[in-house]
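Beneath this line is the structure, given in structure tokens, with notes to follow.
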Amino acid sequence: MIRSVILGTGSALPENRVSNADLADRLDTSDEWIVERTGIRFRHIAQPHETTSTLAAEACRAALESSGKTAQDIDLIVLATATPDQTFPASATKVQAMLGIDDCVAFDVAAVCSGFLYAVQVADAMLRTGIHQRALVIGAETFSRILDWEDRTTAVLFGDGAGAIVLEGQESDSDTGRGILATKLHADGRHNELLYVDGGPSTTGTVGKLRMKGREVFRHAVVNLAAVMQETLVIAGLAPDDVDWVVPHQANARILDATSRKLGLAADKVVVTVDRHANTSAASVPLALDTAVRDGRIRQGQIVVLEAMGGGFTWGAAVVRF
């Protein structure tokens, strides 16, 4: 059988790192308040010359280098983002051009913080057909461009960044082979008003700003993430005890703690990077994944669960044997 194997990971963060103290100078907040409620200490904010596509391309170059592949080996690019450079064309095509790839399939996926998981499942399905051989799967955001910087409840939570993986379709043993073992996605549009942007081309003709009802989102996140992780493990024929690492969406340290407790997972099995780059939406899972791969925590042969939930609501998980 063909499985999608992760060959390499990469990430990119804007040069400008902003601390909680920096935000306290302009907002009615403090480092203590932010850390206690979110676990966030820093976030990176894109400068005018940095865009979603430039960050994505930088992450892709790092992923290609770690995989031992070149841009010309890629025949599929799937970019998850809620903050594209333009309404159209897809930012994935700009990344394609920046990498010097003359022709390949390239498109964006919009599922907000769950976008990377959606992109992974889409790319996995396309690779399993055998029509495509290697894919760049990217999560990239410049969420700072849609924040209301007068709203301390949301402005402190988000940052910019990008993460990418190189996936390759390989013949794999069904029981012990490497690759993506199972994925599961969900969406429930009834909760639109809990986490959304108050603008768009067909409504206001503007980009709009992010709006969120934090308590309600927190409650749904803990329940939905624990459920979809368990659901995906069942599909893969595994139990929580089989998991070496969980790489979650880096939204809030409290959500990470509550979700791991609900699943009965030890806290030291959860990769946490939210303190370093805040919530980077679709970029947060691949950013955290790249961090744990490069520091040696995640190694070949280990079972890793990726999970995320975002506006829509959308949520999902993937089980991977590295």
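Everything numeric in this text was worked out from a predicted model, so none of it was measured.
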Residue pairs fulfilling salt bridge (Lys or Arg N to Asp or Glu O under 4.0 Å) with at least one residue in residues 154-170, sequence neighbours excluded:
K69-E168, R134-E168
Would you call [X] and [Y] a side-chain contact if the rule is heavy atoms closer than 4.5 Å?
| X | Y | answer |
| --- | --- | --- |
| W149 | S144 | yes |
| N279 | N252 | no |
| T29 | N20 | no |
| R276 | H44 | no |
| I40 | V35 | no |
| T291 | L287 | no |
| R254 | T38 | no |

Tell me which donor-acceptor pairs under 3.5 Å the side chains of residues 261-273 have, and how far apart each pair is, sequence neighbours excluded?
unit_1 : atom_1 : unit_2 : atom_2 : d
K269   : NZ     : V243   : O      : 2.8
T273   : OG1    : H277   : NE2    : 2.8

Does atom CZ of R37 have more than 12 heavy-atom neighbours from other groups under 6.0 Å away?
yes
With a cut-off of 6.0 Å (strictly less than), are more than 12 heavy atoms of other residues, nucleotides or ligands near CZ of R17?
no
How far does [atom1] of [X] sit from [atom2] of [Y], to the nearest 0.5 angstrom?
| X | Y | atom1 | atom2 | result |
| --- | --- | --- | --- | --- |
| H186 | Y118 | NE2 | OH | 8.5 Å |
| I2 | T129 | CD1 | OG1 | 7.5 Å |
| S281 | L157 | OG | CG | 12.0 Å |
| T183 | E231 | OG1 | CD | 10.5 Å |

Can you check whether [Y]'s main-chain N or O pairs, donor with acceptor, with [X]'s side chain at less than 3.5 Å?
| X | Y | answer |
| --- | --- | --- |
| S284 | Q250 | yes |
| T259 | L225 | no |
| Q72 | G100 | yes |
| W315 | V228 | no |
| N192 | G189 | no |
| D275 | G39 | no |
| D22 | S19 | yes |
| R43 | V18 | yes |
| S172 | R178 | yes |
| Q302 | R299 | yes |

Would I255 and L289 show up in the same hydrophobic cluster when neighbours are defined by side-chain heavy atoms closer than 4.5 Å?
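They do not share one cluster, since no chain of ILVMFWY contacts under 4.5 Å joins I255 to L289.
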Between L23 and L13, is there a shared hydrophobic cluster once you connect ILVMFWY residues whose side-chain heavy atoms come closer than 4.5 Å?
no
Search all heavy atoms of [X] against all heavy atoms of [Y] and return the closest pair with its distance.
| X | Y | answer |
| --- | --- | --- |
| A62 | G10 | CB-CA, 3.8 Å |
| A140 | T83 | O-OG1, 4.3 Å |
| P89 | Q86 | CD-OE1, 3.7 Å |
| I303 | D242 | CB-O, 3.6 Å |
| V197 | L210 | CG2-CA, 4.0 Å |
| V247 | V304 | CG2-CG1, 3.7 Å |

Have a look at V120 and tell me which of V137, V78, V320, I6 forms a side-chain contact (heavy atoms from CB on, under 4.5 Å) with it.
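Among the candidates, only V137 passes.
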Do R152 and W33 form a cation-pi contact, if we require the NZ or CZ to be under 6.0 Å from the six-membered ring centre and within 45 degrees of the ring's axis?
yes
Applying side chain to side chain contact (heavy atoms under 4.5 Å, CB included) to Q121 and K184, what does each step give before you reach the verdict?
CA-CA 8 Å; Q121 180 164 305; K184 184 64 179 179; 5.7 Å; no
If you group Ile, Leu, Val, Met, Phe, Trp and Tyr whenever their side-chain heavy atoms sit less than 4.5 Å apart, what else falls in with I77?
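Taking Ile, Leu, Val, Met, Phe, Trp and Tyr as members, I77 shares its hydrophobic cluster with V5, L7, L64, I74, L79, V95, L99, I101, L136, I138, V166.
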Might you work through the side chain to side chain contact (heavy atoms under 4.5 Å, CB included) test for L233 and V305, ending with a clear yes or no?
CA-CA 8 Å; L233 285 170; V305 178; 4.0 Å; yes
Apply side chain to side chain contact (heavy atoms under 4.5 Å, CB included) to F158 and I45, showing your working.
CA-CA 9 Å; F158 295 90; I45 304 298; over 6 Å; no
List the atom pairs, with distances to 0.1 Å, where a side-chain N or O of residues 105-113 and a protein N or O form a donor-acceptor pair under 3.5 Å, not counting sequence neighbours.
unit_1 : atom_1 : unit_2 : atom_2 : d
D108   : OD1    : S91    : N      : 3.3
D108   : OD1    : A92    : N      : 2.9
D108   : OD2    : S91    : N      : 2.8

Report all side-chain donor-acceptor pairs from residues 211-221 shorter than 3.5 Å, counting only partners two or more places apart or in another chain.
unit_1 : atom_1 : unit_2 : atom_2 : d
R211   : NE     : D198   : OD2    : 3.1
R211   : NH1    : D148   : OD2    : 2.9
R211   : NH2    : D198   : OD2    : 3.3

Between T51 and S53, a side-chain donor and acceptor under 3.5 Å
yes
Walk me through whether Q133 and D73 qualify under side chain to side chain contact (heavy atoms under 4.5 Å, CB included).
CA-CA 8 Å; Q133 281 71 52; D73 294 319; over 6 Å; no
What pairs of donor and acceptor atoms, side-chain ones from residues 200-208 against any protein atom, are under 3.5 angstrom apart with sequence neighbours left out?
unit_1 : atom_1 : unit_2 : atom_2 : d
T203   : OG1    : G200   : N      : 3.4
T203   : OG1    : G200   : O      : 3.3
T204   : OG1    : G200   : N      : 3.2
T204   : OG1    : T206   : N      : 3.2
T204   : OG1    : T206   : OG1    : 2.7

